[in-house]
Amino acid sequence: MINKSKVITTIAGATLVSANFAYASVPIVQPNNKLTAYTHATIYVAPNKQLKNATLLVQDNRVKAILKDNNVPTDAFAVDLTGYTIYPGFIDPISEYSINFKYPENKAKKPIYDIKRIGGNAENSAIHSEMEWYSVVEPETKKAKAWIENGFTSVQSAKLDGIIQGRGVSVSLSNNIANEIIYNARTNQFMSFNKGSSKQDYPASLMGSIALLRQTLSDANWYNANYSKSGTVSSPNNIEFNAALEKLNNLDKQKIIFEAKNLNSQLRAARLLSEFELSPIQVATGKEYSRIDEVKALNYSLVLPLNFPKAPSVIDADAATEVSLADLRHWERAPSNPAALEKSDVQFAFTMKGIQNKDFWPQLKKAIDAGLSKEAALAALTTNAAEIAQIDDIAGQLKPGYMADFVITKGDIFEDGKIYSVFTQGQEHKFADRNKDQVVGEYQLQINQLDFSLEIEQAKKLKADLTIGEKQVPLKNVKFKSGRLTFTADLMDAGYAGTNRFVLWLDKNELSGRMETASGEIVNVAAARTDDTTEPKAKEKEEKEATEYVSKLTHPNVGYGLAALPKSENLHIKNATIWTSEKDGVLENTDIIIADGKIDEIGQSLSTPRGYKVIDGTGKHVTAGIIDEHSHIAINGGVNEGTYSVTSEVRIGDVVNPDDVSIYRALAGGVTSAQLLHGSANPIGGQAQYIKMKWGETAENLKFDKAQASIKFALGENVKQTHWGDKYSRRFPKSRMGVDTLFRQTFEAAKEYQAEKAQYDDLRRSSKRKVVAPRTDYRLDAVSEILNDKRDIHIHSYIGSEILMFLEVAKAYDFKVKTFTHVLEGYKVAEELAEHGAGASTFSDWWAYKFEVYDAIPQNTCLMNNKGVVTSINSDDYSMQRRLNQEAAKSILYCDMSEADAWKMVTINPAIQLGVEKYVGSIKEGKMADIVLWSSKPLSVYARAEKVWVEGTRYFDKEQDLKAQKDVAAERQALMQKILSSGQKAKQGVPFIPKKEPEWHCETVYHAWGEHSQHSH
């Protein structure tokens, strides 16, 4: 906090100091004890408390009192602020002001796997929690002006670089030494998912960043609980000193400011930190309005940049087709975000981050026009911001003892008011001259019986005009000082040609003096004020109409999103052909009843329960929903964490993207669920996530928690970085035997890890107080789950010999391989697969697209199926997923597979491979109602999914889809017309930059943080 006043005792002019200290011979600056009273002002002591005709009493750099009766002390210097308003100084909770610091640059061109350890730093160069940014604070007068001219008096600062960025500092914007401007030396820890300037290879993906942050927070808890333990002779305490982990102690008290680049990641950050019972303050993305209920439920406050976007360019009709409906909607809705948060009681503050300082007030006024209340706006600039910056005990309000940080305006600052002065620690920064303001206004001026209208205004300098009739004459050389107004004018139309010089004196509401004509004649001049001088001109109060929007708000807020989430249906489908994917096979002229999300009854000529919806299924076919064993849709921030050879700590479940329209398109193809897999860039990749295609639901509600946990392993060319280029030459393994060795080393490490944990758990409580507990290792936790039959392996594979190699690894470590995926040479080793009990999920007819698949054949499915291998067809492709029914049908063509077995390859077989056959994958009483109503036989190229239910809720309907296509086109057109007719308004705001991620494939290598370009192998 700011230094308290220092007491120095003097006797006979000699300063008494301890003999143990020597003071530098510099003069001691005495505090300025001058008492100043700013009288007769309208004062906002807090956002919800306004005092009219009151006095702000300031002494030195503090507020001394607020006087309601203007009874000013006799020793005070009085400043009359009649007609002016005083606000508490505004506070920006996130900036880099006064932080002149750069991390050392690493110019290495090859991947960096490990960094140099210096001074107790973290193992990863994106972790900077040991940094306390007060230590580099240096006032920057020129930079401070950008904030001060907008009314800001203090900011919270940190170096915004890395995943954990260090502890912030809150400082005054006053022009004092660093020691005096620091309000709070240790405020929030700053965090993000972006690794910033770090050149260390890991993490390269969003899920990698989340995994690193999770591990670091866990390590910090472990470190601070164990570092001080005494250890024993047999178990000494060998924990290395780690300043980065030490500084993460008591995070709940430090608090966290987290910046994510999009709304999905903001929600991810809140969920991640909640695992450690932490609730962050988040930097807003501007789209919170689109998931406001989810934001509110996670209960965090926000710092809002006012970076409302400019309109996308739609002048070129062809280029406009590339602009998404979501981006068009956001252009229109962005200014409403603060109002939506206010309405939902989500606390927030404003920041200038992300915009130019000249745009701050225009953008804030847009928010007010869109429904934000002035009281909430003022709270966002003062009390809320002070609380976030952890200086609410000295700033954000005008109270005795608080810092003399305040703003003087004329008029309502949230409408047309103007900032005249800003005070930082009692120092005045003038932006307009209050003395000159005395003369500003409208007058009736008379010269020899001629009446003129005189209007004087103050911008950066005084401006004035004389008007007679419809003729307006701009005045030149306008100056006002000590009550004396001078200017020149050419009044040829009034009979006074040439340059006429005026000298007028202000006396209350009148101006009087003379005009000296070009000929030297002196003419008396008088002017009476015609406007009200006591208060700013009040606008007529108009009822503010609710903003009307062309755009819709949907779930998710993209094209084809739903206006409201669908509800479960109780349903009776009559007289359809039902493909059970069970021993019953295909049942014709059969009914099916759905109740409470489950298949209740199957039979012929069933009675319809009361209140149930009836669908005539005559000529139509009903199947279980298609299940995709291998998909990469609905993922944000990269499908591979391809940096290290083992990344089992990363989780696809952390990066599920509920906004991906591929979910909707999958439903249109009859797909009701899928396993989202990590890519194949390393031998042991990340944890997979099984989702249901519940279009419109949140990321968490898409996840199917009854599915067995699983993980992606990989064999072949990709994991050895065979085609990655010369830069990627260091990572082990580089051969197939190296891959085998890596697997074995990792399983051995997991066994040792489990043994260490078991040994510690067996200790007595007294021993545990001395012995260091095993560190939680999320990477080895996931591998241990495999050994304990709690996590299934789905392994990318092609070559028969490699498949046999991995079966030997499984045998050595006594686990079952759930599924070999791709498995294009599975036909060569089908007996071994069947004997082991492994499933096989393959392509119908992909071959020869790289060397290791030259031996692929389209009869692969039949040959494995005939040997008793549970065989499925997967997509591994966002587009193919929509036609998996046709991919299954190809085996009928290529190798005479029966229709029943072909259909099982996309229903019950992948369900078995994913461990969910108890719940989905077939039409059976008691199972979840994940079903599809087809227009004809589902294996036909002419079949269309007409209606699709997930757990009894209809998430796709062909008739509704046809209407949605028209609605989306009409909404796009209406929004583009609004942009085209908005003129200059459409050009106001932050430049529009579309943000798109690639469509993921198994081999996509994507560096989310931009240090390398995206490429595929």
Next on the checklist: Check for me whether the distance between the ring centres of Tyr878 and His632 falls short of 6.0 Å.
Outcome noted: no

Item to check | Salt bridge flag under 4.0 Å for residues Glu785 and Lys790 | outcome: no

Item to check | Donor-acceptor under 3.5 Å (Asp628 side chain, Ala674 main chain) | outcome: no

Next on the checklist: One pair to check against ring pair (Phe, Tyr, Trp, His ring centres under 6.0 Å): His794 and His796. What are the steps and the verdict?
Outcome noted: CA-CA 7 Å; His794 291 250; His796 166 110; over 10 Å; no

Checklist entry - Would you call Val853 and Trp846 a side-chain contact if the rule is heavy atoms closer than 4.5 Å? => result no

Checklist entry - Any side-chain heavy atom of Val920 sitting closer than 4.5 Å to one from Thr672? => result no

Checklist entry - Do Ser680 and Glu1003 have side-chain heavy atoms sitting under 4.5 Å apart? => result yes

Next on the checklist: Just so I know, are the side chains of Tyr813 and Lys751 near enough to count as touching, which here means a heavy-atom distance under 4.5 Å?
Outcome noted: yes

Next on the checklist: Please enumerate all residues that pass salt bridge (Lys or Arg N to Asp or Glu O under 4.0 Å) together with Arg779, with sequence neighbours excluded.
Outcome noted: Glu649

Checklist entry - Mind checking whether Leu824 and Thr842 have side chains closer than 4.5 Å, heavy atoms only? => result yes

Next on the checklist: Could you tell me if the side chain of Gln200 sits less than 4.5 Å from the side chain of Tyr113, heavy atoms only?
Outcome noted: no

Next on the checklist: Using a 3.5 Å distance criterion without hydrogens, assess whether the side chain of Ser784 forms a donor-acceptor pair with backbone atoms of Leu780.
Outcome noted: yes

Checklist entry - So do the side chains of Val719 and Asn682 get within less than 4.5 Å of each other, counting heavy atoms only? => result no

Checklist entry - Would you call Asp781 and Lys757 a salt bridge, taking side-chain N to carboxylate O under 4.0 Å as the test? => result yes

Next on the checklist: In the structure I gave you, are the side-chain heavy atoms of Tyr955 and Leu667 within less than 4.5 Å of one another anywhere?
Outcome noted: yes

Checklist outcome for this item: Lys918 meets the side chain to side chain contact (heavy atoms under 4.5 Å, CB included) criterion, sequence neighbours left out, with none

Checklist entry - Can you say whether the rings of Phe743 and Phe713 are parallel (under 30°), tilted (30 to 60°) or perpendicular (over 60°)? => result parallel

Checklist entry - Should Glu808 and Arg744 count as an ion pair when the cut-off is N to O under 4.0 Å? => result no

Checklist outcome for this item: In short, His822 meets Phe843 closest at the heavy-atom pair ND1-CZ, 3.3 Å

Checklist outcome for this item: By side chain to side chain contact (heavy atoms under 4.5 Å, CB included), Asp654 pairs with (sequence neighbours left out) Ile210, Arg214, Arg651

Checklist outcome for this item: Taken in chain and number order and not counting sequence neighbours, the residues that satisfy ring-ring contact (aromatic ring centres under 6.0 Å, His included) with Tyr664 are Tyr560, Trp695, Phe956

Checklist entry - So, are Glu294 and Arg291 salt-bridged, with charged N and O less than 4.0 Å apart? => result yes

Checklist entry - What do you reckon, is CG of Asp814 surrounded by more than 12 foreign heavy atoms closer than 6.0 Å? => result no

Next on the checklist: Which residues pass the side chain to side chain contact (heavy atoms under 4.5 Å, CB included) test with Ser209, not counting sequence neighbours?
Outcome noted: Ile163, Phe193, Pro203, Trp1009

Next on the checklist: For Glu277, I'd like to know if atom CD has over 12 heavy atoms of other residues, nucleotides or ligands within 6.0 Å.
Outcome noted: no

Item to check | Salt bridge Glu951-Lys598, side-chain N to carboxylate O under 4.0 Å | outcome: no

Checklist entry - Can a salt bridge be assigned to the pair Lys703 and Glu700 using a cut-off of 4.0 Å between side-chain N and carboxylate O? => result yes

Next on the checklist: Asp789: which residues meet the salt bridge (Lys or Arg N to Asp or Glu O under 4.0 Å) condition with it, sequence neighbours left out?
Outcome noted: none

Item to check | Charged N-O contact under 4.0 Å between Glu582 and Lys927 | outcome: yes

Checklist entry - Hey, does the side chain of Gln215 reach the backbone of Tyr778 with a donor-acceptor pair shorter than 3.5 angstrom? => result yes

Next on the checklist: For Asn264, is there any backbone N or O sitting under 3.5 Å from a side-chain donor or acceptor partner on Asn262?
Outcome noted: yes

Checklist entry - In terms of the angle between their ring planes, are Phe704 and Tyr919 parallel, tilted or perpendicular, with boundaries placed at 30° and 60°? => result perpendicular

Checklist entry - What's the shortest heavy-atom distance between Leu863 and Lys867, and which atoms? => result O-CG, 3.3 Å

